[in-house]
Amino acid sequence: MSNRIQHAFDQIHADESLKQNTMAAVNRRAYQNTKRKNFLFRPIPVVCSLLIVSMIGLASYFTPISAISIDINPSIELKLNAYNRVIQTTAYGPQAEQVLSSLDLINRTYTDAISQMMESNEMAKYLTNDTDVSVTVLSPNQQKYEEITQGVSGCMHQNVSCHQADSELVKAAEEANLSFGKYRAYLQLQQTHPEITIEEVRHMSMYEIQQLIDGETDVSSGQQQNQQGMGQNNGHHNGHHHGQE
């Protein structure tokens, strides 16, 4: 552009200093116009970048990266995002559904959610001073597992036993319609009682399962204790989900 302007000025017969001053003024004006255009277009990539960052943040919030299975007699699972917030709850059986029905745990930190759950009137029916609570954790790495188990132990006043799960165990538990914490106990029980079935374990409390594992009771007595419960709970095998999909 500067060359074309220079060529046009060469065709004009005028005082040399006048031509030079006019040429400089035109160049300055052209430069200012270019800067103004660049400035006007700058906000567009900035806005796009902000939108992309916001979308990534939103997606990460609703993506589960960890899960906690809390098993007593009710079995309840909590799915957590990267910010340790509960984004989904799953109840296994009518007792667990009753516990969750009185609580709003979604978007709370897992420690807050567990504290509220364990202190609720509905959960109090299943807790005594010597109640053993089984907590099984699915996490992306060992550090996250230790962080979660430490947080869980700090917000429970009961005896807590913590266990680690992997994705294969969780998948198998989903297919069996059991919490992955209870399914882990079922696999452990099968090592000494291979005749035990998933349906039998489904209606046992974790205390009863642990007694069988420890050899403090036999299978026949455990089955007798659960026959009444099996009749009452028949047809309520599926887990029920609540939270962000």
Side-chain angles (χ1 to χ4, degrees), residues 48-72 74-93 95-97 99-120 123 132-188 198 202 206 237-245:
C48 290
S49 298
L50 290 175
L51 286 174
I52 292 172
V53 170
S54 299
M55 291 173 65
I56 292 173
L58 190 63
S60 68
Y61 189 91
F62 294 110
T63 301
I65 67 163
S66 304
I68 304 173
S69 179
I70 301 169
D71 298 274
I72 307 168
S75 289
I76 295 172
E77 288 179 2
L78 308 177
K79 288 187 177 179
L80 317 180
N81 62 17
Y83 312 101
N84 291 331
R85 297 275 174 174
V86 177
I87 57 174
Q88 182 178 305
T89 62
T90 304
Y92 289 90
Q95 298 98 334
E97 289 178 40
V99 171
L100 289 183
S101 67
S102 62
L103 301 171
D104 182 13
L105 306 182
I106 303 302
N107 297 322
R108 297 185 181 277
T109 63
Y110 72 91
T111 51
D112 186 19
I114 291 174
S115 293
Q116 288 198 25
M117 184 169 60
M118 301 305 289
E119 294 169 5
S120 68
M123 183 63 88
D132 291 324
V133 181
S134 174
V135 175
T136 309
V137 177
L138 172 69
S139 59
N141 52 58
Q142 185 66 25
Q143 181 179 353
K144 192 68 176 179
Y145 167 75
E146 294 174 359
E147 174 193 325
I148 291 175
T149 53
Q150 184 176 359
V152 168
S153 299
C155 62
M156 284 189 180
H157 306 297
Q158 294 75 23
N159 299 322
V160 180
S161 59
C162 295
H163 312 275
Q164 194 167 15
D166 57 31
S167 56
E168 290 184 5
L169 185 146
V170 172
K171 182 179 179 181
E174 289 177 354
E175 293 174 354
N177 279 325
L178 283 179
S179 70
F180 63 85
K182 200 166 195 177
Y183 189 80
R184 178 208 59 79
Y186 161 70
L187 294 180
Q188 184 179 357
I198 288 178
R202 190 186 309 280
M206 292 303 291
H237 296 165
N238 293 334
H240 292 262
H241 304 276
H242 304 274
Q244 310 289 350
E245 296 293 343

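This structure is a prediction, so every number in the text was calculated from the model and none was measured.
- In this structure, the side chains of Val99 and Ser120 come closer than 4.5 Å at one or more pairs of heavy atoms.
- Distance check, rounded to the nearest 0.5 Å: CD1 of Ile198 to CG of Asn177 gives 9.5 Å.
- Side-chain atoms of Asn81 come within 3.5 Å of backbone atoms of Tyr61 as a donor-acceptor pair (strictly under, hydrogens ignored).
- Asp112 CG to Met117 CE: the interatomic distance, rounded to the nearest 0.5 Å, is 11.5 Å.
- Contact annotation: the side chain of Gln158 never approaches that of Ile72 to less than 4.5 Å [non-hydrogen atoms, C-beta and beyond].
- Summarising the geometry of Glu77 relative to Leu178, their closest heavy-atom pair is OE2-O, 4.2 Å, with the distance given to 0.1 Å.
- Side-chain N or O atoms of Ser153 include none that pairs as donor or acceptor with a backbone N or O of Gln150 at under 3.5 Å.
- With sequence neighbours left out, the ring pair (Phe, Tyr, Trp, His ring centres under 6.0 Å) criterion links Tyr110 to no other residue.
- With contacts defined as side-chain heavy-atom distances shorter than 4.5 Å, the pair Ser161/Asp132 does not qualify.
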Verdict with supporting geometry, Ser60 and Tyr83, side-chain hydrogen bond (donor to acceptor under 3.5 Å, both in side chains): CA-CA 9 Å; Ser60 68; Tyr83 312 101; 2.8 Å; yes

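- Separating the CD1 atom in Ile87 from the OG atom in Ser66 is a distance of 10.0 Å, to the nearest 0.5 Å.
- The side-chain heavy atoms of Leu80 and Ile148, taken from C-beta on, include a pair separated by under 4.5 Å.
- Interatomic distance, OG of Ser134 versus NZ of Lys182, reported as 10.5 Å (0.5 Å rounding).
- When all heavy atoms are compared, the tightest approach of Val86 to Thr89 is CG1-CG2, 3.8 Å.
- For Thr136 against Gln164, the heavy-atom pair with the smallest separation is CG2-C, 4.3 Å.
- Between atom CE of residue Met156 and atom OG1 of residue Thr111 there is a gap of 11.0 Å, rounded to the nearest 0.5 Å.
- The minimum heavy-atom distance between Ser115 and Cys155, with the atom names listed, is OG-CB, 3.2 Å.
- Side-chain N/O atoms of Tyr183 and Asp71 include no donor and acceptor closer than 3.5 Å.
- A search for ring pair (Phe, Tyr, Trp, His ring centres under 6.0 Å) contacts involving Phe180 returns nothing, not counting sequence neighbours.
- Between Val137 and His163, every side-chain heavy-atom pair lies at or beyond the 4.5 Å cut-off.
- Counting heavy atoms from C-beta outward, Val152 and Thr149 have side chains that stay 4.5 Å or more apart.
- Here CD of Glu174 is found 8.5 Å from OG1 of Thr90. Values are rounded to the nearest 0.5 Å.
- Taking every heavy atom of both residues into account, Ala113 and Leu105 meet most closely at O-CD2, 3.7 Å.
- No side-chain heavy atom of Ile114 sits under 4.5 Å from any side-chain heavy atom of Val135.
- Open room surrounds CD on Gln143; 12 or fewer heavy atoms of other groups in view lie less than 6.0 Å from it.
- The closest side-chain heavy-atom distance from Arg202 to Tyr92 is not below 4.5 Å.
- What you find for Ile65 and Ala82 is that their closest heavy atoms are CD1-CA, 3.5 Å.
- The salt bridge (charged side-chain N to carboxylate O under 4.0 Å, His left out) search around Glu147 returns Lys144, not counting sequence neighbours.
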